[in-house]
Number of protein chains: 2
Amino acid sequence: MNSEFIIAVHSLVFLAHRPDGMASSEEIATNVCTNPVRVRKVMSCLRKHGFVDTREGSGGGYRLSREPGDVTLADVYRTLAAGSLAPNWCSGDPQSDCLVGSNMGEVMNAVFCGADQQLERYFESITIGQMLSRVAAMARA
Amino acid sequence: MNSEFIIAVHSLVFLAHRPDGMASSEEIATNVCTNPVRVRKVMSCLRKHGFVDTREGSGGGYRLSREPGDVTLADVYRTLAAGSLAPNWCSGDPQSDCLVGSNMGEVMNAVFCGADQQLERYFESITIGQMLSRVAAMARA
DNA sequence: ATTACTGTAATAATATCAGTTACAGTTATT
DNA sequence: AATAACTGTAACTGATATTATTACAGTAAT
């Protein structure tokens with residue numbers, strides 16, 4: 001799975017966990033275990049899609065702009081990783097004079113579109129709020 | 001998605017399409033659009049899991065050893081690409097003293113295990129025989 | 001024997017992904 | 001107004017993963 005998706009989810013959960021809902025790219029990067037530039041790139045995308053607000057300048061950072069319980073992983077998936085199942089590579093060749101060789105690419109594509117939808121449906125059932133609860137439950141155990 | 005999975009599915013459909021159910025690695029490679037060594041590697045794996053029989057030596061090649069209608073994509077998936085959704089990379093760090101940072105890896109893992117199961121369930125509903133029908137339907141259209 | 005295959009390892013080429021550096025723009029603080 | 005602490009991006013570098021190629025031993029048909 002696309003690691004930007006993971007960074008995004010982790011970041012959102014981290015923000016949801018913060019009492020004031022805020023953190024800088026560096027704080028997030030440390031928590032996620034990656035570098036701040038990558039976090040900023042992902043967050044920049046999340047901002048454009050209305051998941052977070054940004055405050056530039058000193059004391060700035062990111063803040064959740066939606067209720068954790070209202071944001072599903074599917075929302076994030078669609079924003080950052082939609083179609084990630086579809087192979088970058090298509091087998092076969094439309095020019096082939098073989099029935100299979102010439103049409104497999106398209107059939108395979110349809111299969112993966114279906115798979116992607118299936119995956120989205122699953123992610124639809126999990127919210128950022130739930131992720132936070134799960135993390136907390138883990139800590140108690 | 002794992003391109004070996006795609007090669008495997010394409011190859012099996014191609015074999016199913018052959019009147020005698022047989023083809024050499026070179027024929028398959030041409031049809032799939034890749035090189036014979038790769039095909040042999042994938043087929044070797046399929047053989048070990050009982051999907052095909054191999055005949056070495058002159059005039060040899062591969063032959064489907066199960067009914068196309070009985071082989072699901074899930075069978076192939078489990079053999080060649082199971083767990084492909086789970087990220088190779090885990091966010092966070094168990095040593096972190098933050099609730100989120102220390103437990104997110106495990107929670108994320110559980111999420112992806114679920115996603116993988118969801119995907120398998122979907123693949124369960126598609127057989128090699130159906131793939132062949134779809135390809136044929138496409139050619140008629 | 002020769003030819004046409006598979007099986008597999010090793011290597012080389014290529015593409016993808018992640019980390020780093022650099023710097024312009026923004027805002028709070030003093 | 002100067003400084004410090006941020007975000008936003010682009011460009012570059014390095015690491016990693018993927019794919020193709022080469023090579024050769026083993027097997028079976030002719």
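First the proteins, then the strands, lettered A, B, ... as listed; each starts at 1. None of the values given here were measured: they were computed from a predicted structure. These numbers come from the heavy atoms of this one structure, side chains and all, not from hydrogens, waters or symmetry mates.
Near DNA chain D, meaning a heavy atom under 4.0 Å from it, residues 46-59 of chain A has A:Arg47, A:Lys48, A:Thr54, A:Arg55, A:Glu56, A:Gly57, A:Ser58 in order of number. Non-hydrogen atoms lying under 4.0 Å from DNA chain D are contributed by B:Ser3, all within residues 1-26 of chain B.
By the side-chain contact (heavy atoms from CB on, under 4.5 Å) test, A:Pro87 is found to be paired with A:Phe112, B:Ile6, residues two or more places apart in sequence or in another chain being considered. Judged as a side-chain hydrogen bond (donor to acceptor under 3.5 Å, both in side chains), and not counting sequence neighbours, A:Glu67 has no contacts. With sequence neighbours excluded, the residues forming a side-chain hydrogen bond (donor to acceptor under 3.5 Å, both in side chains) with A:Ser44 are A:Arg47, listed by chain and number. In this structure B:Lys48 satisfies the salt bridge (charged side-chain N to carboxylate O under 4.0 Å, His left out) test with no other residue, sequence neighbours excluded. Residues meeting the side-chain hydrogen bond (donor to acceptor under 3.5 Å, both in side chains) test with A:Thr34, sequence neighbours left out: none. Taking A:Arg121 as the reference, A:Gln118 meet the side-chain hydrogen bond (donor to acceptor under 3.5 Å, both in side chains) condition, with sequence neighbours excluded.
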Please set out all donor-acceptor pairs under 3.5 angstrom arising from side-chain atoms of residues 11-18 of chain A, sequence neighbours excluded.
| from | atom 1 | to | atom 2 | distance (Å) |
| --- | --- | --- | --- | --- |
| A:Ser11 | OG | A:Ile7 | O | 2.6 |
| A:Arg18 | NH1 | A:Met22 | O | 3.1 |
| A:Arg18 | NH2 | A:Glu27 | OE2 | 3.4 |

Hey, can you pull the donor-acceptor pairs under 3.5 Å for the side chains in residues 130-141 of chain A, sequence neighbours left out?
| from | atom 1 | to | atom 2 | distance (Å) |
| --- | --- | --- | --- | --- |
| A:Ser133 | OG | A:Gly129 | O | 3.1 |

In residues 102-110 of chain B, what donor-acceptor pairs under 3.5 Å come from side-chain atoms, sequence neighbours left out?
| from | atom 1 | to | atom 2 | distance (Å) |
| --- | --- | --- | --- | --- |
| B:Ser102 | OG | B:Cys98 | O | 2.7 |
| B:Ser102 | OG | B:Leu99 | O | 3.4 |
| B:Asn103 | ND2 | B:Leu99 | O | 3.0 |

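Rounded to a whole Å, the CD1 atom of A:Ile28 is 12 Å from the P atom of D:dC6. Rounding to whole angstrom units, CG of residue A:Asn35 and C1' of D:dA15 are separated by 14 Å. Going from atom CH2 of A:Trp89 over to atom C1' of D:dA17 covers 16 Å, rounded to whole Å.
Within 4.0 Å of A:Arg38, counting heavy atoms only, lie sugar-phosphate atoms of the nucleic acid but no base atom.
Between B:Phe123 and B:Phe5, the ring planes lie tilted relative to each other; the angle falls in the 30° to 60° range.
Summary of the strand contacts: A:Gly60 and A:Lys41 both lie near DNA chain D, and taking for each the nucleotide with the nearest heavy atom, the more 5' one is attributed to A:Gly60. Mapping A:Thr34 and B:Arg40 onto DNA chain C by nearest heavy atom places B:Arg40 closer to the 5' end of the strand.
At least one donor-acceptor pair under 3.5 Å links the side chain of A:Tyr122 to the backbone N or O of B:Val111.
A nucleotide of DNA chain C counts as in contact with chain B when one of its atoms lies under 4.0 Å from a heavy atom; the first and last such, 5' to 3', are C:dT3 to C:dA9.
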